[in-house]
Amino acid sequence: GVQDHQLERQSLFIEMFHEMGMKTPNVDDMRVWLLKNKQTNRWKTTKATSAAIYALLFDSKGEASWLDGDQGAKITMSNFTIDTNNELTEVGTEYFKRTWPKSEIESEMGKIQIVNRNDHVSWGAVYWQYFEDLDQIKTYEETPLTLQKELYRQIITNDGPKLESYQSEPLAIGDKVIVRMVLEVDRPMEFVHLKDMRSSTFEPLSTLSKYQWQDGLGYYQSTEDLATHFFIDYLPRGKYVFEYPVVVSQKGDFTNGISTIQCMYAPEFTSHSNGIRVSVP
């Protein structure tokens, strides 16, 4: 495909410019492009993969390889300093986890400083995990993925059925509700999983799992007891709308849950929608 030709061409340019004596920072920037491409996409052919790996690892000028040096990063968060050399990390990925009790967490810890102690590019990501009531969660918009969730109640008028935006007004048993998710992505991604949690009062009208195609996007939709899943092989840059109908089935005060989306190739590229409260008196 076109992407594989781009990979091979970029890899060839890296090798050529390196042999011509171009300064290392410029060549390294071209190598970073290869890594950023791999972050959210797969390399589809053996030829393209081999060319990219060679461009990333070869060294004909006696300069430091990206695999040389084993100085871990130094991470500073507020009053906490983490030296990754002293952490028990996972072999290969160098992944590690640090947990703080609620009493020690402060807002300044959100400002993270990372010092790379090697003389070449380092690669990594930081994940935050925390607990919160589902209906108190706000939309997170600071990643390449942005997800908004809305509910619409279908009402019957003399002109036919119309959709009315749901805010917090009570619903009634038998009401038909449309769950709508609006997804925006700023770069192409592969193997993306969208999970929409449902309130226990909502029963989906369609329970059949099937492949869908709409607005130039193909995905596999799977309906389960607690959530509806959308599995997307390839997600081009753009804005997309997902919808499915449900019916109110029982009385009570419910949390409708949130929608979450994550790129399986780059788990740090994840986002979630806001939480919604549903009342059926």
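Count residues from 1 along the sequence.
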Donor-acceptor pair, side chain of [X] and main chain of [Y], under 3.5 angstrom:
X	Y	answer
T260	H272	no
E87	N85	no
S273	S259	yes
S199	T201	yes

Check step by step if side chain to side chain contact (heavy atoms under 4.5 Å, CB included) holds for T255 and R277.
-> CA-CA 5 Å; T255 297; R277 199 85 184 176; 2.6 Å; yes

Minimum side-chain heavy-atom gap D83-I75 below 4.5 Å | no

With a 4.5 Å heavy-atom cut-off, do T81 and K74 have their side chains touching?
->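 A side-chain contact under 4.5 Å exists here.
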
Check for me, please, whether [X] and [Y] land in the same ILVMFWY cluster - side-chain distances under 4.5 Å, paths through other members count.
X	Y	answer
M30	I53	yes
F80	F96	yes
V32	I14	yes
M77	V115	no
Y95	I82	no

For [X] versus [Y], what's the shortest heavy-atom pair and its separation?
X	Y	result
I112	I114	CG2-CG1, 4.0 Å
F202	P204	O-CD, 3.9 Å
Y166	S279	OH-N, 3.5 Å
Y234	L217	O-CD1, 3.5 Å
A55	R31	O-NE, 2.9 Å
L34	A52	CD1-O, 4.0 Å

Near R237 CZ, under 6.0 Å, is it more than 12 heavy atoms from other residues, nucleotides or ligands?
-> no

More than 12 foreign heavy atoms under 6.0 Å from CD of E90: is that the case here?
-> yes

Can Y244 and F230 be said to form a side chain to side chain contact (heavy atoms under 4.5 Å, CB included), step by step?
-> CA-CA 11 Å; Y244 66 94; F230 302 83; 4.1 Å; yes

Output the distance between atom [atom1] ([X]) and atom [atom2] ([Y]), rounded to the nearest 0.5 Å.
X	Y	atom1	atom2	value
Q10	W33	CD	CH2	5.0 Å
R153	S165	CZ	OG	10.5 Å
K149	I258	NZ	CD1	8.5 Å
L151	E164	CG	CD	12.5 Å
F254	S200	CZ	OG	4.5 Å
M197	H229	CE	NE2	9.5 Å

Using only heavy-atom distances, determine whether the side chains of Y152 and Q154 contain a donor-acceptor pair under 3.5 Å.
->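 Note: Y152 and Q154 side chains miss the donor-acceptor criterion.
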
Using the side chain to side chain donor-acceptor pair (under 3.5 Å) rule, take Q148 and T146 through it: C-alpha gap first, then chi angles, then the decisive distance, then the call.
-> CA-CA 7 Å; Q148 301 279 350; T146 303; over 6 Å; no

What about F242 and Y219, are their ring centers closer than 6.0 Å?
-> yes

Mind listing the side-chain donor-acceptor pairs of residues 171-187 below 3.5 Å, one per line with the distance, residues two or more places apart or on another chain?
unit_1	atom_1	unit_2	atom_2	d
D175	OD2	A172	N	2.9
R180	NE	E243	OE2	2.4
R180	NH2	E243	OE2	2.6

Of T228, T223, N256, the residue whose pairing with R198 passes side chain to side chain donor-acceptor pair (under 3.5 Å) =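 Going through T228, T223, N256 one by one, the side chain to side chain donor-acceptor pair (under 3.5 Å) with R198 is satisfied by T228 alone.
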
Mind running side chain to side chain contact (heavy atoms under 4.5 Å, CB included) on V192 and M189 for me, showing each step along the way?
-> CA-CA 7 Å; V192 178; M189 294 187 185; 3.8 Å; yes

Angle class for the Y220/F231 ring planes (parallel below 30°, perpendicular above 60°, tilted otherwise)?
-> tilted

Extract all donor-acceptor atom pairs below 3.5 Å that involve side chains of residues 207-214 and protein atoms in other chains or at least two apart in sequence.
unit_1	atom_1	unit_2	atom_2	d
S209	OG	S222	OG	3.4
Q212	NE2	Q221	OE1	3.1
Q214	NE2	V241	O	2.5

